[in-house]
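The block underneath contains the structure these notes are about, expressed in structure tokens.
Computed from a prediction, not measured in an experiment: that's the story for all the values here. Letters A, B, ... mirror the listed sequences (proteins, then strands); counts begin at 1.
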Protein chains: 2
Amino acid sequence: MRHNAVMLELAILGFLHDAPLHGYELRKRIAALTGHVKPVAESTLYPAIKRLEKAGLLARRTQPGAGAAPRHVLTLTPEGQAELRRRLAHPADVDITDENRWFTVLAFLRHLDDPPAQAEVLERRMAFLRQPSSFFYEGDRPLRAEEVEDPFRRGILTIARATGQAELSWLRRTLDTLRAATDD
Amino acid sequence: MRHNAVMLELAILGFLHDAPLHGYELRKRIAALTGHVKPVAESTLYPAIKRLEKAGLLARRTQPGAGAAPRHVLTLTPEGQAELRRRLAHPADVDITDENRWFTVLAFLRHLDDPPAQAEVLERRMAFLRQPSSFFYEGDRPLRAEEVEDPFRRGILTIARATGQAELSWLRRTLDTLRAATDD
DNA sequence: CGACAATACATCGTTGTCGATGTATTGCGT
DNA sequence: ACGCAATACATCGACAACGATGTATTGTCG
């Protein structure tokens, strides 16, 4: 399965878990979620829907369209719900490390509906954020922010550090409440 | 030109602007820059090098390999340098909005070597960060962070806000110094 | 001495992505 | 009356990405 596809499919499954939708509405919700960062083309969405339908993860009912062409209202099948949970519980490494994908996972993580499993996913992100990332090297030696002359490269390090801190503190808070919920 | 390709090619051109390198070394530098977030496969890099060579943006000299197979040492041609500057001065919208691509642009923005043009690029990023992004909707109404029940979705909003603030303050500082440099 | 990692590149087939284009309807502005 | 935007979906071709696999050499560890 190609990489972006995974996230697009996750978004489709995730939105359909909330409520049955037709393709056009799905498109708008996906645009709201990730569109300002990286828009998804129509000609990418519809084939993705077909793939999922072919795999038995969703079913379509054709309705006379209010407005224009007939709508295909899409519903998650039980297999689709199981697959959604499977994907949320065990995201690929890239889905943890790439911010865009991570946000997509987060957007639907509540569907996992299992605090310990949710905590496990958050912990993977935490482990990733904690390992010191070095963007630039001089030979083999990683350069620290202070050693980087270029202001733009320093910016990368400054921003990465600040955002890492912000997310880590959110992760710690959320993990605490998740664990508290489990201990009851 | 496909989307990811743009960024990979920018990284190749950017690294070669610093110094001639062979493919394998290029691969390692790219891995250091973006690999922890989203690794690039070997079988993606070598075709990209070929594309750029075919377009006359870089030249290769074959050297007897210290270690293994003969090395192809890659050098930027004058057209390659011009193209690098062109791409840095006028990145596509996605390169501004997608954090991964934006970081790649930042990593090489110094090669633009023209403070007003650099400031222009930073301003585009600033404009993007300032426009309020709403990830979730209830019908047509965008939901604010406080209205979102789901803790994970709240996390997205919390993190996005914090990182946006951090980056904005860096942008303001850097733009000030860029403008001060221009006023001399 | 033999295995294995690292160096260094290349090719191939599958699959996803995207822009372009097409079709058809409703409704709004002018 | 006419066009244009929005709704709603579909197809096609070009191309990039990637995993798998191959080739060949040097250095290292046990």
I want to verify a distance call: between [options], whose nearest atom is closest to the [X] side chain?
X: A/Arg51; options: C/dT17, D/dA17, D/dG19; value: C/dT17
X: B/His22; options: C/dC9, D/dA17, D/dA8; value: C/dC9
X: A/Lys38; options: C/dC18, D/dT7, C/dA8; value: C/dC18
X: A/Arg71; options: D/dC9, C/dC18, C/dA10; value: D/dC9
X: A/Tyr24; options: D/dA10, D/dA16, D/dA8; value: D/dA8
X: B/Ser43; options: C/dA10, D/dC9, D/dC18; value: D/dC18

* Is the NZ or CZ atom of B/Arg154 both under 6.0 Å from the centre of the six-membered ring of B/Phe136 and within 45° of that ring's axis? -> no

* Identify whether NZ of Lys or CZ of Arg in B/Arg153 sits under 6.0 Å from the centre of the six-membered ring of A/Phe108 and within 45° of that ring's axis. => yes

* Step by step, work out the ring-ring contact (aromatic ring centres under 6.0 Å, His included) result for B/His72 and B/His22. => CA-CA 5 Å; B/His72 301 266; B/His22 54 276; 9.8 Å; no

In whole angstroms, how far is the [atom2] atom of [N] from the [atom1] atom of [X]?
X: A/Glu42; N: D/dA5; atom1: CD; atom2: C1'; answer: 14 Å
X: A/Glu25; N: D/dA8; atom1: CD; atom2: P; answer: 8 Å
X: B/Asp98; N: C/dT17; atom1: CG; atom2: P; answer: 15 Å
X: B/Ile49; N: D/dA17; atom1: CD1; atom2: P; answer: 13 Å
X: A/Met7; N: D/dA17; atom1: CE; atom2: C1'; answer: 17 Å
X: B/Leu26; N: C/dA10; atom1: CG; atom2: P; answer: 13 Å
X: B/Ile12; N: C/dC9; atom1: CD1; atom2: P; answer: 12 Å
X: B/Arg29; N: C/dA8; atom1: CZ; atom2: P; answer: 13 Å

Quick one: is [N] close enough that its OP1 or OP2 comes under 4.0 Å of any side-chain N or O from [X]?
X: B/Lys50; N: C/dT11; answer: yes
X: A/Arg27; N: D/dA6; answer: no
X: B/Tyr46; N: C/dC9; answer: yes

* A/Leu21 side, atom CG; A/Leu26 side, atom CG - distance, nearest 0.5 Å -> 6.0 Å

* **A/Lys50 and A/Glu53 ion-paired at < 4.0 Å** =>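 Result for this pair is no, no salt bridge flagged.
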
* Can you find an N or O donor on one side and an acceptor on the other, under 3.5 Å apart, linking the side chain of A/Thr44 with the base of C/dG16? -> no

